[in-house]
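A short worksheet on the structure shown next.
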Amino acid sequence: MAQDSEAPPAKRLKAAPPGTPPQSAAPPAHVQRRSLPISGARGPLLARLRRLDTAVLIGETGSGKTTQLPQYLYEVGIGHPGTIAVTQPRRVAAVTLAARVAEEKRTELGRLVGYTVRFDDCSCAETRIRFLTDGMLLREAIGDPLLHKYSVVILDEAHERTIHTDVLFGVVKAAQKKRKERGLRPLKVIVMSATMDVDLFSQYFNGAPVIYLEGRQHPIDIFYTKEQQSDYLQAALVSIFQIHQEAPACQDILVFLTGQEEIEAMTKTCRDVAQHLPEGCPRMTVLPLYASLPHSQQLRAFKPTPEGCRKVILSTNIAETSITIAGIKFVVDTGMVKAKKYSPETGLEVLAVQQVSKAQAWQRTGRAGRQESGICYRLYTEEDFEKFEEMTTPEIQRCNLASVVLQLLALKIPNVLTFDFMSKPSPDAIQAAIDQLDLLGAVTHKEGQLVLTPLGKKMAVFPLDPKFSKAILLSPKFHCAEEILTIVSLLSVDSVLHNPPAQRDEVQAARRKFISSEGDHLTLLNVYRAYKNVNGHKLSMPLESCRGDTGSVRRCLAHGLFMNAAELRPDGSYGTVDSQQAVAIHPSSVLFQAKPACVVYTGLLRTSRCYMRDLCVVDAEWLHEAAPEYFRRKLRMANN
DNA sequence: GAGCACTGC
């Protein structure tokens with residue numbers, strides 16, 4: 001039964017997202033539906049929700065809240081007439097959930113029940129239950145800040161705190177208030193989350209009641225190390241083979257590590273060790289899993305292994321939420337993750353290995369108990385665990401906010417510095433974003449208020465870093481719209497160039513013929529042009545091309561990226577024009593061994609050093625031409 | 001001189 005405001009059971013596991021698609025054969029949808037824990041609570045739950053404007057619904061894995069609640073609301077006419085929106089952080093989840101619910105309602109997907117994700121809208125005027133990505137609803141809000149189309153908005157997976165969900169919190173809260181003030185149809189808001197952050201959500205929504213739903217998570221035994229481990233990789237290796245020698249071969253192991261290189265190296269080590277095991281030990285299949293691994297290789301992690309062979313999956317945090325693997329009995333948690341931070345003062349993104357939060361550790365642990373009871377080995381002491389941060393810092397406090405601020409201004413938010421964020425980004429971060437938009441000519445002050453310029457309004461239409469939107473919008477002036485669109489498109493996908501560490505030399509050799517001495521952007525353009533020739537495709541849009549005049553392309557890029565410029569110093573190192581920060585050319589760049597006098601880059605990333613990524617050779621003069629006042633100011637500062 | 005967690009519009 002649903003109960004109000006009762007503390008969640010101690011040490012209960014944080015729920016894994018219910019949005020993940022079922023991996024094994026399930027009974028017909030309508031048969032399974034009645035047996036979900038939420039169905040027992042249907043009556044009282046709906047009675048409460050009918051009376052509430054806003055509610056926070058806490059449900060554990062397997063409670064069925066995501067698939068059932070929208071149907072319940074629809075069936076009893078809550079929100080009628082109008083559409084029920086259910087947001088998800090990930091596309092796959094939005095699509096598979098819509099398919100599941102359509103099946104349960106025995107209707108054709110895209111009619112009563114539909115979904116809307118980027119590039120794929122499977123919904124129509126009839127649609128009453130619509131699953132969307134949170135980013136998609138945010139886009140819709142730009143055209144309709146009061147969300148008139150919707151009578152209920154369910155923000156699911158709220159605990160993940162994606163940048164889009166965080167902005168949506170503010171948007172739906174404001175829409176709800178305005179609709180009430182104007183006597184419009186009320187907007188019901190339901191925030192759904194795993195067992196955490198409950199107070200924060202409730203407080204933010206003016207003390208909205210919290211409703212708990214029981215879940216169906218299997219019990220998981222947790223073991224900590226007795227002593228601190230100086231080398232988590234070594235500790236992981238020992239744990240894997242200890243489990244391997246003791247547990248039945250049908251029980252698979254999921255190990256959480258931090259990144260591609262580490263995972264590839266560990267894969268090799270495990271395979272080597274597995275070759276030399278004593279008689280009678282089961283066989284072992286070791287499989288890496290990370291986002292940039294080609295899809296076909298990712299799929300291997302899902303395949304069941306033959307009898308008498310254990311599967312060991314070495315994964316990044318992709319297996320925490322995005323990917324669910326059936327049959328995991330053991331989780332080995334190193335307690336480490338590679339995560340991004342952003343410092344507004346330097347505009348620096350730092351990618352560093354750090355400790356996970358408690359919430360993240362629970363999420364990892366939960367991956368062991370999805371089908372039956374499980375075991376989790378935490379490669380840190382319980383004492384250390386208690387010192388972990390409670391929550392992972394929300395993404396909105398770890399990012400460059402230029403495009404968020406641009407979107408808020410497009411939503412006609414009167415003052416972005418005082419926008420009602422659930423977790424406020426630092427004023428410095430917001431100011432840095434405003435400054436960037438100002439330099440790009442996207443904003444201006446009007447009667448003491450920050451507003452978008454006509455250029456800024458156009459920039460807000462693009463789902464891109466404003467620097468790239470600017471370059472696209474200026475490209476007709478430089479007669480190179482075709483080239484700039486191609487380059488920006490290629491920068492927006494990560495599937496173009498796969499770079500497995502084991503084949504780095506081969507990769508380098510294959511790329512050699514596309515390399516442009518003018519930098520990475522033009523190299524990408526060469527790759528695309530070669531691809532286009534092979535496939536014989538032509539763009540159907542009448543876009544002007546500057547042909548061989550790559551100078552125009554670079555000049556246009558400089559107009560978007562002038563804030564990201566660096567110059568060669570007399571000692572052979574590079575310094576950013578903006579803050580004289582010492583930077584280096586990233587080894588992945590075609591310019592790695594070159595020494596151009598002046599470059600622009602897509603972004604900075606600090607790992608072992610501070611690297612510029614995706615470089616383009618430019619003339620210093622073009623930078624001045626792109627933002628004369630900005631560079632005059634820089635010069636003055638340099639002279640002082 | 002030597003390397004890129006994960007989403008999403």
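Please read all numbers here as calculations on a predicted model, not as lab measurements. So that the names make sense, note that chain A is the first sequence line, chain B the second, and so on, each numbered from 1. Excluded from the calculations below are hydrogen atoms, water molecules and symmetry mates; all remaining heavy atoms, backbone and side chain alike, are included.
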**Q.** Any donor-acceptor N or O pair under 3.5 Å, side chains Y150(A), R130(A)
**A.** yes
(Q) Using a 4.0 Å heavy-atom cut-off, does V117(A) contact any base of the nucleic acid, only the sugar-phosphate backbone, or nothing at all? (A) sugar-phosphate
Q | Of S403(A) and G259(A), the one whose closest DNA chain B nucleotide lies more 5' | A | G259(A)
Q: Figure out the CG/P separation between L293(A) and dC4(B), and round it to whole Å.
A: 18 Å
**Q.** Gap between atoms CD1 and P, on I585(A) and dA2(B) respectively (whole Å)
**A.** 13 Å
Q | Interatomic distance, Q88(A) CD vs dC9(B) P [rounded to whole Å] | A | 12 Å
**Q.** Given dC9(B), dG8(B), dC4(B), the nucleotide with the shortest approach to the side chain of R90(A)
**A.** dG8(B)
Q: Choose from dG8(B), dA5(B), dA2(B) the nucleotide whose nearest atom is closest to any side-chain atom of K340(A).
A: dA5(B)
Q: Rounded to the nearest angstrom, tell me the gap between atom CD in E160(A) and atom P in dT7(B).
A: 11 Å
Q | For atom NZ of K341(A) and atom C1' of dA5(B), their distance in whole Å | A | 13 Å
Q.
In this structure, how many angstroms lie between the P atom of dG3(B) and the OH atom of Y601(A), rounded?
A. 19 Å
Q.
Nearest heavy atom decides the nucleotide; on that basis, is R609(A) or T133(A) closer to the 5' end of DNA chain B?
A. R609(A)
**Q.** Charged tip of R613(A) within 45° of Y601(A) ring normal and under 6.0 Å
**A.** no
Q) Nearest of dT7(B), dC4(B), dG3(B) to any side-chain atom of P587(A)? A) dG3(B)
Q: Go through K149(A) and E140(A) one step at a time and tell me if the salt bridge (charged side-chain N to carboxylate O under 4.0 Å, His left out) criterion holds.
A: CA-CA 10 Å; K149(A) 199 190 288 175; E140(A) 276 189 31; 3.7 Å; yes
**Q.** T365(A) versus D333(A), side-chain donor and acceptor atoms under 3.5 Å
**A.** no
Q) Separation of I163(A) atom CD1 from dC6(B) atom C1', in whole Å? A) 13 Å
Q: Determine the contact category for Y611(A): base if any of its heavy atoms lies under 4.0 Å from a base atom, sugar-phosphate if only primed atoms, P, OP1 or OP2 are that close, otherwise nothing.
A: sugar-phosphate
Q: Between dA5(B), dC4(B), dT7(B), spot the one nearest the side chain of N317(A), thanks.
A: dA5(B)
Q | Nearest-nucleotide pick for R613(A), side chain only, options being dA5(B), dG8(B), dC4(B) | A | dC4(B)
Q. Is any side-chain N or O of Y290(A) closer than 4.0 Å to OP1 or OP2 of dC6(B)?
A. no
Q) What nucleic acid atoms does L351(A) come within less than 4.0 Å of, heavy atoms only: base, sugar-phosphate, or nothing? A) base
Q: Give a yes or no on whether the backbone of V590(A) and the side-chain of D520(A) come within a donor-acceptor separation of less than 3.5 Å.
A: yes
Q) Can you tell me how far P of dC9(B) sits from CD of Q407(A), to the nearest Å? A) 12 Å
